[in-house]
Structure formats: structure tokens, C-alpha cells
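Chain letters run A, B, ... following the sequence lines, proteins first, then strands; residues in each count from 1.
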Protein chains: 2
Amino acid sequence: MVITPKNPSESNREYAFRTISENIISLDIEPGSMIGEQEIATMLGLSRTPVHEALLELSKSKIVDILPQKGCLVSMIDSELIREARFLRITVETALVEDACELAKEEDLRLLEDNLELQEFYLVKDPLKLLTLDNEFHEIIYRICNKMQCHYMVSLMSMHFDRVRSLSLHSVKDLKIVSDHRAIFEAIKKKDPAAARAAFQKHMARFELDWNIISREYKKYIAEPSH
Amino acid sequence: MVITPKNPSESNREYAFRTISENIISLDIEPGSMIGEQEIATMLGLSRTPVHEALLELSKSKIVDILPQKGCLVSMIDSELIREARFLRITVETALVEDACELAKEEDLRLLEDNLELQEFYLVKDPLKLLTLDNEFHEIIYRICNKMQCHYMVSLMSMHFDRVRSLSLHSVKDLKIVSDHRAIFEAIKKKDPAAARAAFQKHMARFELDWNIISREYKKYIAEPSH
DNA sequence: TGCAAGTTACTTGTATGCTAGTAGGAAGTA
DNA sequence: TACTTCCTACTAGCATACAAGTAACTTGCA
């Protein structure tokens, strides 16, 4: 478990939530492992209460599963939940990029472009940073469309998604992701909804290929189909 | 505040969450009013802890606003959040009803039809029951498409929406809502995605009219635009 | 050896107590 | 009257204590 210092502006509960989330997404906490409230509380120098509340929030997206009187299970990578997270993102964000063509102001375009330049800069240097920038790029689009509450809901579910992306860093595909983002940006800039939609859907389609490879390579992390 | 008995299968936290939610949606707790953890805990016969956790969850959808060291503010009816909730539902469920045309089995169609018959039965008798049935109708569609996690996320946000619907019960429009549902059902039954999509969008469009009336009639409950 | 009952250690759920921060009113001052 | 300062009452955040349930181990018996 990787522990970063507590940001002074965040509450203990937020600190616990952020730390646990980051470690689950980065796979520093392994899928399928059990984590105890006390254990984490001690590591973070907190009491159980804020840790308990953080785990409660995480359990809402099913990224952890609280088993009462037993413990807290970090969920296995679950293709059904990933499918849902992906469905939600594709559906919502396809609509958003179209709207963004109308709504984006000069200032918004500048934010997107700054983000893109950072993506290009970190492309070879720091793939993990790239994942953060990727998420920020999408967040800017939510902000352009005044849909930040939707963004919160979608990103909670996207954790399932992000965890798989952590497994496929450092790959050639990163290069394509950044150029996808640029294509989406250009379409918004040109106020071309159809092009934006097409670029976005091409972008999200890449994941399907990843998943086929990863689901073979990391079987130990993948949940059995339930039925 | 209306208090129903605790269901034996639910935890104290779930009981608190359900009770508070119901009272906010039904407007038995007024928009803009302050509620204290202790106050609610006493009313429900619980300690502050499960109430605190319930309020925390509600605050994630911004239906309440926790002001640290001050209290918990039940949010005013906020047209921006309603717009977001509505956007999310329309976007997601439009995609779902199309998919449902392929995925719905005989058994699913029976569930939908049973629900519809109840809607028609309660149409004149109990408009509040109708709201519950309405939500259940939509939930069945999520279930048909195996998108229950999405359903959880969307329904959290839909509370903003449901609260406004509570204000417009007993109106002639109820009749149209039920016939809308039947149109959606028939389209799914005939496996006609285009018809399902059209029927659903017609259904959701009704809200716009409601909102215009209600926002004039209940000004005391409506938040000022922030800017 | 194999199995069953009892015990113990450990888990989360919940209650309670303490801390720190807010708001509003009382009292004092010009 | 108008303003400032202090005090009191109240809030949620958090720590801690206890309750209740689980699971694994130990013990005893056949």
C-alpha cells in the first residue's frame, strides 16, 4: 500500500477515501484481497471511523464488498461491472462531446489544449501520470457541459475501468489514446458534433482490444462469471 | 417527518437512509430546512452513527448539504441538478429501452405488464403509489439490460427529480404517464427499438411542462440561480 | 483418524464521549 | 443607538468502547 501525505484541505474521511481508491486503482491493493478497517486506520494514523466511512462509499460502486462481521473484500476485476461502467461512460460522454461543440468557450478550449500538451509531454516519461491526465481531459468536457454531478457518478463507477487501464500502461496504445484525444478536441474546436461523436466512439472502442489481451494475461485477478 | 417501522432485513444505516430519503422526496421534510443528526437519531430510536452515515450518502447526490460544525441543510429544489438528473436519465434510458427490445425475455415482459396493470389500478386511487410503480417500471428495464449498478447511480441523482414529481401528483398528466409506459412496453414487446426510443423520449418530455408550472407555483422551494 | 462441540480471536455495526468550530445573544463601551 | 467582545449552546468530525456475529482452532470423544 502506497501512502501519500494528507492534504491539509481534506478531511480524514476524504484522505482515507483518496488513499484507498488510489491503491485499488493502481493495484497496489490486489483484487480479491481482504483489507481491515483497523489495519488501514493504523497505516494512515487515523481511527476506524473515517476509514469505515470511506469504505462505505467505495462499497456503493461495488469496488469493495463489505462482508459484515467478516471483513472488507477488494473486488476481483469483474467484466460485468466493467461493461456497465463502459456503457455508462460511452452513453453519457457521447452525448456530452456533441453538446460541448456548442458550449465550449475560448477558455475551455485552452484548458483542453493545455491538458493535451501535458499528455504529449508525459507520453513516454510517465504513463501513470497519463492516466490522470486522461481522466482530467474527460472531466473538462463534463465541466464545459455543466454536468459535474454526472461526472461524480460516472467516475465512481469508472474505477472498475481505471483499474484495468492500470494493467495496460506502457503500451503502444498510449500513443493512440493521446491522438484520439486530440481528434476529439479538434472536432469540438471546429464545432462539429458528428466528428466529435465519431472520434469519441473510436476512442472508447480501443478498450475492447485491451480487455481481450488483459483478461487472458491476468486471469488471477479476474472474477469468475457468477451465474 | 413520517416514520415507518424498521424492516427487519435492513441495517440501522439503511433504515435511516430509507426514512430520510422518503421524507425528502415526499417533501415531509421541507427544502431549505436544517436537520440535525441527533434530532433524527432520536426520532428513529438510533444513535448518531448510522444517521450520520446515511446523511453522508445523501450528500453525495447533493440532495442534502452537510455544513461541518453547523448542521445538515436539505437542499432547495435546484433546477441545475434537476437538469443533470434528467439528462442522465434520458441519455441512459434511451439507450436501455433500445437494448431491452433485444434482451427482454417472456418473463421480463410479464413483469412489465404486471407493473402496468398495477399502475392502471392505482391511477385514481393512490397517486403516491403510482410514483413508486413508475420508478419500478424503469427499474425493471435496467434489470432486463443487466445494468443494476447504473440504476443505483441514476436513481441517487433522480431524487432531485422525484421531489418535483411529488409536487405534481393528482394531476391529469398521471393518466398520460401510464399510457406512455404502455407505449414503451408495447414497443419492447414488438422488439421495435425506434418505437421504444420515440415513446421513451415523448415520456420524458412531459416533465418540461410540469417544471414550468411548478417553478412558478412553488417559488419558496426553488433555489436562486447561483452564479 | 474423524468428527463434533466449545472456545477464542477477530471482524464490522453501533453507541457514546470528546474536540473543535460556528452562530447568536448578552454584556459592556463609546 | 451602534458596535465590540465574550460567553453559551449547539453542531458535525472523529476517537473510543462495546455488542454481535463469523471462522478457525482446540479439545474431547468415538
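- Around the CD atom of A:E117, the shell of radius 6.0 Å holds more than 12 heavy atoms that belong to other residues, nucleotides or ligands.
- Going from atom OH of A:Y15 over to atom C1' of D:dG13 covers 17 Å, rounded to whole Å.
- Between the C1' atom of D:dC14 and the CZ atom of A:R13 lies a distance of 10 Å, rounded to the nearest Å.
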Tabulated below should be each protein N or O lying under 3.5 Å from an N or O of nucleotides 15-17 of chain D; please produce it.
unit_1: D:dA15; atom_1: OP2; unit_2: A:S47; atom_2: N; d: 2.9
unit_1: D:dA15; atom_1: OP2; unit_2: A:S47; atom_2: OG; d: 2.5
unit_1: D:dA15; atom_1: O5'; unit_2: A:S47; atom_2: OG; d: 3.4
unit_1: D:dA15; atom_1: N7; unit_2: A:T49; atom_2: OG1; d: 2.8
unit_1: D:dT16; atom_1: O4; unit_2: A:T49; atom_2: OG1; d: 3.3

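- Across all strands shown, B:I35 has heavy atoms under 4.0 Å from sugar-phosphate atoms exclusively, and none from any base.
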Show which side-chain atoms of residues 27-35 of chain A pair as donor or acceptor with protein atoms under 3.5 Å away, not counting sequence neighbours.
unit_1: A:D28; atom_1: OD2; unit_2: A:S26; atom_2: OG; d: 2.6
unit_1: A:S33; atom_1: OG; unit_2: A:E30; atom_2: O; d: 2.6

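- Atom CD in A:E39 sits about 12 Å away from atom C1' in C:dT11, given to the nearest Å.
- Contacts of B:R143 classified as side chain to side chain contact (heavy atoms under 4.5 Å, CB included), with partners at least two apart in sequence or in another chain: B:E139, B:M148.
- Rounded to whole Å, the distance from CG on B:L44 to P on C:dA15 is 11 Å.
- In this structure, A:Q38 atom CD and D:dC18 atom C1' are separated by 14 Å, rounded to whole Å.
- By the ring-ring contact (aromatic ring centres under 6.0 Å, His included) test, A:F161 is found to be paired with A:F207, residues two or more places apart in sequence or in another chain being considered.
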Tabulated below should be each protein N or O lying under 3.5 Å from an N or O of nucleotides 22-25 of chain D; please produce it.
unit_1: D:dA23; atom_1: OP1; unit_2: A:K70; atom_2: NZ; d: 3.0

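- Taking A:L109 as the reference, A:A104, A:E106, A:F185, A:I188, A:K189 meet the side chain to side chain contact (heavy atoms under 4.5 Å, CB included) condition, with sequence neighbours excluded.
- In this structure, A:E37 places its CD atom 14 Å from C1' of D:dC14, rounding to the nearest Å.
- Distances shown here put a side-chain N or O of A:H52 below 4.0 Å from the OP1 or OP2 atom of C:dG13.
- Residue B:E53 contributes atom CD, which lies 14 Å from atom P of D:dA12 at whole-angstrom precision.
- When all heavy atoms of B:L58 and B:M159 are compared, the closest pair comes out as CD2-CE, 3.8 Å.
- For A:Y142, the ring-ring contact (aromatic ring centres under 6.0 Å, His included) criterion is met by A:H151, not counting sequence neighbours.
- Applying the ring pair (Phe, Tyr, Trp, His ring centres under 6.0 Å) test to every pair with at least one member in residues 10-59 of chain B, sequence neighbours left out, gives no pairs at all.
- Spacing between atom CG of A:L67 and atom C1' of C:dG13 amounts to 14 Å, rounded to whole angstrom units.
- Nearer the 5' end of DNA chain C, as judged by each residue's closest nucleotide, is the contact made by A:G71, out of A:G71 and B:S11.
- Scanning for ring-ring contact (aromatic ring centres under 6.0 Å, His included) contacts around A:H138 gives A:H181, A:H203, with sequence neighbours left out.
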